[in-house]
Amino acid sequence: MDKKQLWKPGNMLYPVPAVMVSCAGRDGKKNIVTIAWTGTVCSDPVMVSISVRPERYSYGLIRETGEFAINLTTKELTYATDWCGVKSGRDVDKFASMNLTAAPARELEYAPVIAESPLSLECRVREVMELGSHHMFLAEVVAVQISEKYMDDSGKFKLNDTGLVTYSHGEYFELGRKIGKFGYSVKKQH
């Protein structure tokens, strides 16, 4: 049996998605914040969560408008993802600095999506849970934009061919080799 050490409590649930969350204020000023603490909450209605520190510039924008977009990141977007996580939108225009395109959302009034992302989830905040160092925004997904670049001839979206990026213990990783699929452990062998 592998011997284990006991550590103090910490957030060691890795890997997690590394996403760029786009948002904007009522004045139209757009921003991007990199988030690793995001996840699926419910499938009906379709809901997700993001956790943001209240002192972040984007936190105020999201509280003001009640909307944001989660933009999945790829190997090609990793540099911008990291940069948008260490710079503040109070000081720089992240879209311009990283040559990213703020494209219009279909169902949101203020928050744009990032055109270079293969998939963007347009989200409307339903509840804010003030938990401590981070506040969690529970949001309903009101629209999904996908890049036609990753559609195959049969009309299937090939999300796993986009080069998605995860974050684990301070490092970024491109998703790798497929080792199974849902239900393979119980599928009858021929």
Participant: Verify the neighbour count for atom OH of Y14: are there more than 12 heavy atoms of other residues, nucleotides or ligands below 6.0 Å?
Facilitator: yes
Participant: Minimum heavy-atom separation for C123 and V48, please, with both atom names.
Facilitator: SG-CG2, 3.7 Å
Participant: With a 6.0 Å cut-off (strictly less than), is the heavy-atom count around CG of L13, excluding the residue itself, greater than 12?
Facilitator: no
Participant: Under 3.5 Å, is there a donor-acceptor pair between the R53 and Y59 side chains?
Facilitator: no
Participant: Please give me the minimum heavy-atom distance between P45 and E140, naming the atom from each residue.
Facilitator: CB-OE2, 3.9 Å
Participant: Taking V33 as the starting point, is it possible to reach L138 by hopping between hydrophobic residues whose side chains are less than 4.5 Å apart?
Facilitator: no
Participant: What heavy-atom pair brings F68 and L108 nearest, and what distance separates the two atoms?
Facilitator: O-CD1, 3.5 Å
Participant: Would you say the side chain of T73 lies within less than 4.5 Å of the side chain of T78, judging by non-hydrogen atoms?
Facilitator: no
Participant: Is it true that atom NZ of K29 has more than 12 heavy atoms of other residues, nucleotides or ligands lying nearer than 6.0 Å?
Facilitator: yes
Participant: Any donor and acceptor pair, going by atom type alone, linking the side chain of R124 with main-chain N or O of E107 inside 3.5 Å?
Facilitator: yes
Participant: Can you give me the closest heavy-atom contact between A36 and Y167, atom names plus distance?
Facilitator: CB-CD2, 4.0 Å
Participant: If you draw a 6.0 Å radius around CD in E64, do more than 12 non-hydrogen atoms from other residues or ligands fall strictly inside?
Facilitator: yes
Participant: Are any of the side-chain heavy atoms of T162 and L72 separated by less than 4.5 Å?
Facilitator: no
Participant: Parallel, tilted or perpendicular: which describes the rings of W37 and H134, with under 30° parallel and over 60° perpendicular?
Facilitator: tilted
Participant: Mind checking the CD-OG spacing from E55 to S88? Nearest 0.5 Å is all I need.
Facilitator: 11.0 Å
Participant: For S22 versus P112, what's the shortest heavy-atom pair and its separation?
Facilitator: OG-O, 2.5 Å
Participant: Under 3.5 Å, is there a donor-acceptor pair between the side chain of Q145 and the main chain of P104?
Facilitator: yes
Participant: When rounded to the nearest 0.5 angstrom, what is the spacing between CG in N31 and CD1 in I62?
Facilitator: 9.0 Å
Participant: Does any part of the side chain of S97, heavy atoms only, come nearer than 4.5 Å to the side chain of K87, both counted from C-beta?
Facilitator: no
Participant: When rounded to the nearest 0.5 angstrom, what is the spacing between OG1 in T34 and CH2 in W83?
Facilitator: 10.0 Å
Participant: Should V113 and N71 be marked as a side chain to side chain contact (heavy atoms under 4.5 Å, CB included) after you check the CA-CA gap, both sets of side-chain angles, and the distance that decides it?
Facilitator: CA-CA 7 Å; V113 299; N71 303 276; 3.9 Å; yes
Participant: Kindly compute the distance separating NZ (K156) from NZ (K158), expressed to the nearest 0.5 Å.
Facilitator: 5.0 Å
Participant: For the residue pair T81 and A18, what are the closest heavy atoms and their distance?
Facilitator: CG2-CB, 4.3 Å
Participant: Give a yes or no on whether the backbone of E122 and the side-chain of E67 come within a donor-acceptor separation of less than 3.5 Å.
Facilitator: no
Participant: The test is side chain to side chain contact (heavy atoms under 4.5 Å, CB included); show your working for L100 and K94 and say whether it passes.
Facilitator: CA-CA 8 Å; L100 296 172; K94 295 181 186 182; over 6 Å; no
Participant: A quick test of your reading: do over 12 heavy atoms of other residues, nucleotides or ligands sit less than 6.0 Å from CE of M129?
Facilitator: no
Participant: To the nearest 0.5 Å, what is the distance between OG on S117 and CE on M20?
Facilitator: 6.5 Å
Participant: Where do E109 and T65 land on the side chain to side chain contact (heavy atoms under 4.5 Å, CB included) test, with the steps shown first?
Facilitator: CA-CA 9 Å; E109 186 176 348; T65 64; over 6 Å; no
Participant: Please test M136 against E127 for side chain to side chain contact (heavy atoms under 4.5 Å, CB included), starting from the C-alpha separation and ending with a verdict.
Facilitator: CA-CA 8 Å; M136 184 171 62; E127 184 178 342; over 6 Å; no
